[in-house]
Amino acid sequence: WANAKATIQNAVWGVPAGDTVFIAEGTYNQTFSVSDGQTILGGYNATTGVRDIEQYVTILDGTNKGKYIIVKYDAPPTSPIVIDGLTFQNAIHTQWGGGAIYMRDNMTVSNCHIINCQGGNAGAIFIDHNSSATVPALVSNCIIELCSAGSSSAAIYNDNGIIENCIIRGCTGPAGAIYNKAGSIVRNCLLHNNTLTGTWPDAAVYNKGQMINCTVCNNYGSEYPGVHSESDVINCVFWGNQNPSDFSDAPTYINGAGSSHNVADAGFGKSSAYLSTTLNVNNLDPAGPNFRNPTNFVGAPTDAGQIAAMQNADFSLTNASVPLLDLGTATGAPATDIDGVTRPQANGIDIGAYEFDPNATIVHVTGLDIVQDTIKVIVGQSGTLSVIITPANANNKRVLWTIDNTSIATISNGAVTGVSIGETIAHAVSQENSAIGDEAIVVILPVPPVKYPDEYYAADSLYHIEIARSEERRVGKECR
């Protein structure tokens, strides 16, 4: 480390195929290209050389760069390229390609976090495919959030690549959060709270390839926010996805001939693609999915509280997730789930990205924190209180909500609705241990007066002047 290069690009240029670039923790406002056979690793302590990507975070910041942070130019590498353990943020690339990474066949991006990036065709990653390539690109164990795109895909444009064990959340854009082209695979992925509007079909996944064991929840889209697929969808769950009330189709459309063993709260297409389309919209209903701690809002977050709720949501299964347990097919199912749990754990494959382990060690709740100290809501409108449960892997993350004065506001699953002007207190306690809880101030405000733009008053004034002049002319004529 004493002889570290001044820039990442200098380090990459000095590394031959088969060698590795080690990047210490810190924030780097740099972009660079990669070459055949290189491995790029982040997450190092520059003093000790110890690697821990969660403790020693390596951030590649694209602020004011106007281009990809990492790109492989010209053609797929002849020897594999690996990029692992990096955080990408604030990249903006408005031309063809992804916001943070332009990758090709025979490349792997793994254990990375991509946040707040914007791209022309993909908010985070653009996978380019060469028809002569034999080794697909792989995106694995990544979190992609709060990214956006001008066209094609809010998060990933996938041409003949594999996307697995990834979480995609809070992204916005047209067509799909993932555009999964023919020959491409999405498996063991969680897609939730994305907003897809502007270009048909506005789906969490616009699927022309394969989609296996995915959990797709609480996405909003102008047409098919769950999925739009003319190809194979297997062992997936679709819940809480919403489209506009004036759009008549269900939010999930699956019509691929090889599709089977899917569960949705509303879906259409090929009937044989579904085990059920009647999953209850109430998470805790016996006929509902009974996820550990799903978000309580639909679409991308709109404030800091919703962002925190999204990032701390848990869509893993419980022993009450009866409509999803043991009902999947082993055909094509990954050997492990999104968290690395071996499949199956009981009598069959579970539906979705998570496999329920009935023998897992019970982890108890030790803390509960309401993100907002105060929430202000207008009479007749709603806002969302969000909680963070610790530890993150606690088994029972369910929360019980109450409010002191229901004549001022009501609360349901954290959603506060204003009833009348005033102030009251909302309380949240752990279902597992009611001694663990928190409270927040709820302020209900009056409906603000309507404020018209200055142009309205100017036009209104001219209108009344003209009326007055017309009246004067009328009276003058009558006098004559």
Side-chain angles (χ1 to χ4, degrees), residues 4-5 7-23 28 30-44 51 53 58-60 62 65 67-88 91 93 95-114 117 119-142 144 147 152-153 155-166 178-187 189 209-210:
K5 298 292 185 180
T7 68
I8 299 172
Q9 186 67 82
N10 285 343
V12 171
W13 282 337
V15 168
D19 213 335
T20 302
V21 173
F22 306 97
I23 309 177
Y28 302 82
Q30 302 175 24
T31 64
F32 58 96
S33 60
V34 290
S35 301
D36 283 8
Q38 295 176 330
T39 296
I40 315 294
L41 303 179
Y44 285 91
R51 188 181 193 226
I53 63 174
T58 301
I59 300 173
L60 305 183
K65 292 298 182 181
K67 59 191 298 187
Y68 325 105
I69 295 177
I70 293 181
V71 60
K72 171 63 178 76
Y73 286 118
D74 302 326
T78 54
S79 298
I81 294 173
V82 176
I83 299 164
D84 185 273
L86 301 172
T87 293
F88 299 80
H93 183 264
Q95 303 303 312
W96 181 263
I101 303 172
Y102 191 115
M103 63 186 296
R104 300 177 184 273
D105 310 283
N106 204 16
M107 290 180 65
T108 295
V109 173
S110 56
N111 301 303
C112 289
H113 183 193
I114 305 176
C117 293
N121 299 88
I125 298 174
F126 186 92
I127 298 175
D128 197 355
H129 171 60
N130 187 305
S131 59
S132 64
T134 58
V135 180
L138 173 65
V139 179
S140 178
N141 296 296
C142 293
I144 298 173
C147 293
S152 299
S153 45
I156 303 177
Y157 182 98
N158 185 21
D159 189 352
N160 274 261
I162 298 172
I163 304 169
E164 65 180 15
N165 305 332
C166 291
I178 298 175
Y179 179 22
N180 202 45
K181 296 189 69 176
S184 306
I185 299 173
V186 177
R187 61 192 180 203
C189 288
Q210 283 190 327

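For clarity, every value in this text was computed on a predicted model and none was experimentally measured. Because only heavy atoms are used, hydrogens play no part in the values below, and waters and symmetry mates are left out as well, while side chains stay in.
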Please tell me if the side chains of L86 and I70 come closer than 4.5 Å, counting only heavy atoms from C-beta onward. yes
Margin query: Any non-hydrogen side-chain atom of N106 less than 4.5 Å from a side-chain atom of P77?
Written below: yes
Working to the nearest 0.5 angstrom, can you tell me the gap between [X] [atom1] and [Y] [atom2]?
| X | Y | atom1 | atom2 | value |
| --- | --- | --- | --- | --- |
| T58 | I23 | OG1 | CD1 | 6.5 Å |
| I144 | C112 | CD1 | SG | 9.5 Å |
| I156 | S184 | CD1 | OG | 11.0 Å |
| C189 | E164 | SG | CD | 8.0 Å |
| C147 | F88 | SG | CZ | 11.0 Å |
| K65 | L60 | NZ | CG | 11.5 Å |

Sorted by chain and residue number, the ring-ring contact (aromatic ring centres under 6.0 Å, His included) partners of Y44 (sequence neighbours excluded) come out as W1, F22
ring-ring contact (aromatic ring centres under 6.0 Å, His included) filter on Y179, not counting sequence neighbours, yields Y157, Y206
For [X] and [Y], work out which heavy atoms get closest and say how close.
| X | Y | result |
| --- | --- | --- |
| A91 | G99 | CB-O, 3.2 Å |
| P136 | N160 | CB-O, 3.4 Å |
| S152 | N121 | CB-O, 3.2 Å |

* Asked: Quick one: side-chain hydrogen bond (donor to acceptor under 3.5 Å, both in side chains) partners of D84, sequence neighbours excluded?
  ->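 For D84, the residues satisfying side-chain hydrogen bond (donor to acceptor under 3.5 Å, both in side chains) (neighbours in sequence not counted) are R51, S110, N111.
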Residues in side-chain contact (heavy atoms from CB on, under 4.5 Å) contact with [X], at least two apart in sequence or another chain:
| X | value |
| --- | --- |
| Q9 | T7, V12, W13, F32, S33 |
| N165 | S140, N141, N188, I338 |
| I185 | I162, R187, Q210 |
| V15 | D19, V21, Q38 |

Test log, rule side chain to side chain contact (heavy atoms under 4.5 Å, CB included), inputs I114 and I101:
CA-CA 9 Å; I114 305 176; I101 303 172; 4.1 Å; yes
Main chain of I69, side chain of T31: is a donor-acceptor contact present, judged purely on distance under 3.5 Å? no
| said: Using the side-chain contact (heavy atoms from CB on, under 4.5 Å) definition, which of the options V139, T108, I40, L41 pairs with I83? | reply: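 Going through the options one by one, the only one that passes is I40.
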Per-pair distances, 0.1 Å, donor-acceptor, side chain in residues 126-133, under 3.5 Å, sequence neighbours excluded:
from	atom 1	to	atom 2	distance (Å)
D128	OD2	Y102	OH	2.5
D128	OD2	R104	NH1	3.3
H129	ND1	D105	OD1	2.8
N130	OD1	S132	N	2.9
N130	OD1	S132	OG	2.7

